[in-house]
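Taking it in order: structure first as C-alpha cells, then the write-up.
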Amino acid sequence: MISIRQVSKWYGSFQVLTECTTEIQKGEVIVVCGPSGSGKSTLIKCVNGLEPFQAGEIMLDGTSVGDAKTNLSKLRARVGMVFQHFELFPHMRIIDNLTLAQIRVLGRASEEARDKGLKLLERVGLKAHAEKFPGELSGGQQQRVAIARALCMDPIAMLFDEPTSALDPEMINEVLDVMVELASEGMTMMCVTHEMGFARKVAHRVIFMDQGRIVEDAAKDDFFGKPRSERAQLFLSKILQH
Amino acid sequence: MAYNWNWSIFLSDTPAGDATYLGWLFTGLQWTVTLSLSAWLIALSVGSLFGVLRTVPNRGLALLGTTYVEIFRNVPLLVQLFIWYFVLPELLPRELGDAFKQLNPLLQQFLAAMVCLGLFTGARVSEQVRSGINSLPRGQKNAALALGLTLPQAYRYVMLPMAFRIIIPPLTSEFLNIFKNSAVATTIGLIELSRQAQQLVDYTAQPYEAFIAVTVMYLLINVTVMFLMRRVEVNARVPGYIGGSR
Ligand SMILES: Nc1ncnc2c1ncn2[C@@H]1O[C@H](COP(=O)(O)OP(=O)(O)OP(=O)(O)O)[C@@H](O)[C@H]1O
Ligand SMILES: [Mg+2]
C-alpha cells in the first residue's frame, strides 16, 4: 500500500532524512517513534507529498508521490492525515469542517456530505456538537473531530503525526480509543506516536528513527522484546519509565 | 480685532448663484466619499491579490508582489499622483493618451486620483494581508492540502477567511487613511471636501466656520467608518476562537 524506498531529504545542506526504506501493507498498523528532531514528522509528510524529497521513491497505492506528473491533490484526498495540533478550521462549524473537502474535492452534494459527516461524528461520539465551532470543544474532542474529518474522505490509509502529544493526559485515551477501533477495523495506519501502550495493543510493526535514519524496523513483539540497536533500547527505557 | 462669527453664511448663495455655501461643502463631501470608496475597492482587491502572491511558494510571483509593494509604498503619494495625472498620459500609446485628455477634466482628475490612491493604499493593504496569512498556524495550510484541496482552494476556504478576520483592525486604519489621503486630489484640481473649504474661505472670509464645518464632516466620515468596521468585526467573530498563532 505504502512503499518508501531509499528516501533522502535535505533542508539546504542539512540532511533530515537519510535513505529511509520501509513498506506498509494494506491493513497494517505501523508505529513510528524516535527522539525529537529525528525526522518522524518529515517522513510522514513526505508520504502524502506535503514535503518534497530529493532522492528515493514513495509509492502510494501504485502512484509515485515524488513524480512531477502526479496530481498531488487527488492523491492526498485518498489519504487521511491527523496532526498534533488538530488543525480544524476555526471559522467553520464542526459539520462544515467535515463537509468542506467532501463537497469541494470529491464533488459530493451537500446533503450527502452532511449525512456522511454526521455519521462519522456519531462514530466518534460527537454528533451533538455538529453545529459548534472548534474553539468551543476540548482538545480531545477537537482531535476526534479531526479524525472524523479525515475519515469523511473514505481514505485508503491514515497518517497520524503525534495525535495525542498536545493533549492533556485525561483526554489522551478518548483519542486513542478511536484509533484502536479504527485499527481493529483493518484501516492501514502509519502513526507517529510515543504512546507505547497503543503500539503494544494494535501495532503490527514499530519503526524507530534516529537522526533521519530508520534505525529499527521490527515486528512489534521483537521490538518490545529486545530492540537490536542501543539507541532504541535507551529510548525505550526512557519513555517506558513513566 | 474681534472676529465676526457668522454661521448663517452657509445658507447664503454662492457668487455663481447656483448653490449655497453649504451646498458646496456637500458637493465636496460627495467627491471625497466617492473617490475614497472607489479607491478602497481597488486597494482591497489589488492588495489582497498581491498579499496572497507574496505568500505563495513561487519565487517569481513573490518577487512580483514585493516589487509592487516597495514601489508604491515608498514613493510619496503626491509624486505618484503627479505621475498618474501629468506624466502617464504622455507615456501611453498616442490614442489612449489622447482619449484620456479628451475626457471631461473632472473625470480625468477623478480617475487619476482613484487609481493613484487605490494602488498606493493597495500596497499597504497587501502588507497587512501578507502578515495576516503568515500569522496563521502553518498546519492550517497543510491540513487543507492534506484533505485534497488545491492551493487556491486552501487560500479561498481556509486561510483567507481567517487572515482577513485577524487583520480587521489594521484594515480599518487603512480605510480611515484613504479618506484623509484623498485630500491630495486637490493638487490636481479636484474640488473635494478640503478644497471646497479653501474656496469658502476665499469667498467669504469666514475661515473658522468653514474649517470647523469641514472638520466635523471628516469626523463624521471617521465615526461612520469605525462604526461599519466594528459591525464587520462583530459579525465575523468566531465563537470560541482565542486568536494568535501556535
Ligand atoms: N522547514 C524546516 N527547515 C529547516 N529544518 C527543518 C524544517 N523542518 C524541520 N526541520 C529540521 O528537521 C529535523 C527533523 O524534524 P521533524 O519535525 O521531522 O522531527 P520530529 O522527529 O518530528 O521531531 P518531534 O518529535 O519534535 O516532532 C529537525 O532537526 C528539524 O529542526
Ligand atoms: Mg514531529
Side-chain angles (χ1 to χ4, degrees), chain A residues 41 44-45 47-52 71-94 96-107 129 131-138 141-142 146 149-155 158-162 166, chain B residues 48 51-52 55-62 128-129 131-169 171 229 231-246:
Chain A
S41 298
I44 204 168
K45 282 189 217 150
V47 170
N48 64 354
L50 284 179
E51 288 284 351
N71 181 336
L72 275 181
S73 297
K74 259 195 178 140
L75 193 66
R76 289 182 188 129
R78 304 175 58 210
V79 184
M81 186 159 195
V82 175
F83 299 84
Q84 184 173 6
H85 296 288
F86 333 133
E87 307 300 350
L88 296 181
F89 308 136
H91 59 293
M92 302 170 101
R93 292 177 193 279
I94 299 301
D96 297 328
N97 264 274
L98 271 70
T99 56
L100 175 70
Q102 292 189 69
I103 296 171
R104 302 289 164 193
V105 177
L106 302 181
H129 301 276
E131 299 300 328
K132 289 193 179 162
F133 285 85
E136 299 174 305
L137 301 190
S138 73
Q141 290 172 327
Q142 288 190 52
R149 180 175 72 178
L151 292 175
C152 280
M153 304 295 283
D154 297 316
M158 289 281 288
L159 309 173
F160 293 84
D161 188 4
E162 305 208 33
Chain B
S48 306
V52 166
T55 63
V56 161
N58 176 314
R59 282 263 175 83
L61 292 179
Q128 308 296 353
V129 170
S131 75
I133 293 172
N134 286 341
S135 74
L136 300 174
R138 256 189 82 78
Q140 288 280 299
K141 177 175 154 193
N142 276 344
L145 294 179
L147 282 166
L149 296 175
T150 60
L151 191 62
Q153 286 178 321
Y155 272 91
R156 161 76 181 77
Y157 298 111
V158 176
M159 295 155 72
L160 287 179
M162 279 315 290
F164 275 114
R165 283 174 165 88
I166 292 170
I167 61 170
I168 289 175
L171 279 187
M229 290 304 277
R231 285 282 298 273
V232 170
E233 194 169 6
V234 169
N235 280 329
R237 185 169 290 153
V238 173
Y241 182 73
I242 333 132
S245 50
R246 286 182 292 249

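Per chain, numbering begins at 1; letters A, B, ... match sequence-line order.
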If I measure from the heavy atoms of chain B, does [X] come under 4.5 Å with its side chain, its backbone, both, or neither?
X: A:F83; value: side chain
X: A:V82; value: neither
X: A:R149; value: both
X: A:K132; value: neither

Which atoms form the tightest heavy-atom contact between [X] and [Y], and what is the distance?
X: A:M153; Y: B:L147; result: CE-O, 3.2 Å
X: A:N48; Y: B:A146; result: ND2-CB, 4.0 Å
X: A:P90; Y: B:V238; result: O-CG1, 2.9 Å
X: A:E87; Y: B:A143; result: CB-CB, 3.5 Å

Chain A interface, residue from B:P161, B:G148, B:A236 that has the most non-hydrogen pairs under 4.5 Å |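 Going by pairs under 4.5 Å, I would pick B:G148.
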*Please determine, among A:P155, A:A77, A:S73, A:A101, the option with the most heavy-atom pairs under 4.5 Å with chain B.*
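Max contact count across the listed options: A:S73.
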Exercise. Are A:L100 and B:V158 close enough that some pair of their side-chain heavy atoms sits under 4.5 Å apart?
Worked result: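 Yes, close enough: below the 4.5 Å cut-off.
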Engaged part of B:A144 at the chain A interface, taking heavy atoms whose separation is under 4.5 Å
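For B:A144, backbone and side chain are both near chain A.
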Tell me, for B:R237 versus chain A, whether the close heavy atoms (under 4.5 Å) come from the side chain, the backbone, both or neither.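 For B:R237, there is no contact with chain A at all, as no heavy atom is under 4.5 Å.
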Exercise for review: Give a yes or no answer on whether the side chain of B:Q140 reaches the backbone of A:L88 with a donor-acceptor pair at less than 3.5 Å.
Suggested key: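 Here the side-chain-to-backbone pair exists.
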Q) Sub-3.5 Å donor-acceptor pair from the side chain of A:H91 to the main-chain atoms of B:Y157, do we have one? A)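 Side chain of A:H91 to backbone of B:Y157, a donor-acceptor pair under 3.5 Å: yes, one is there.
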Notebook entry, point to check: Atom CE in A:M81, atom CG in B:L145: separation rounded to 0.5 Å?
Noted result: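 That separation rounds to 11.0 Å.
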| message | What's the separation between atom CZ in A:R76 and atom CG in B:N142, rounded to the nearest 0.5 Å? | response |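 Answer rounded to 0.5 Å: 8.0 Å.
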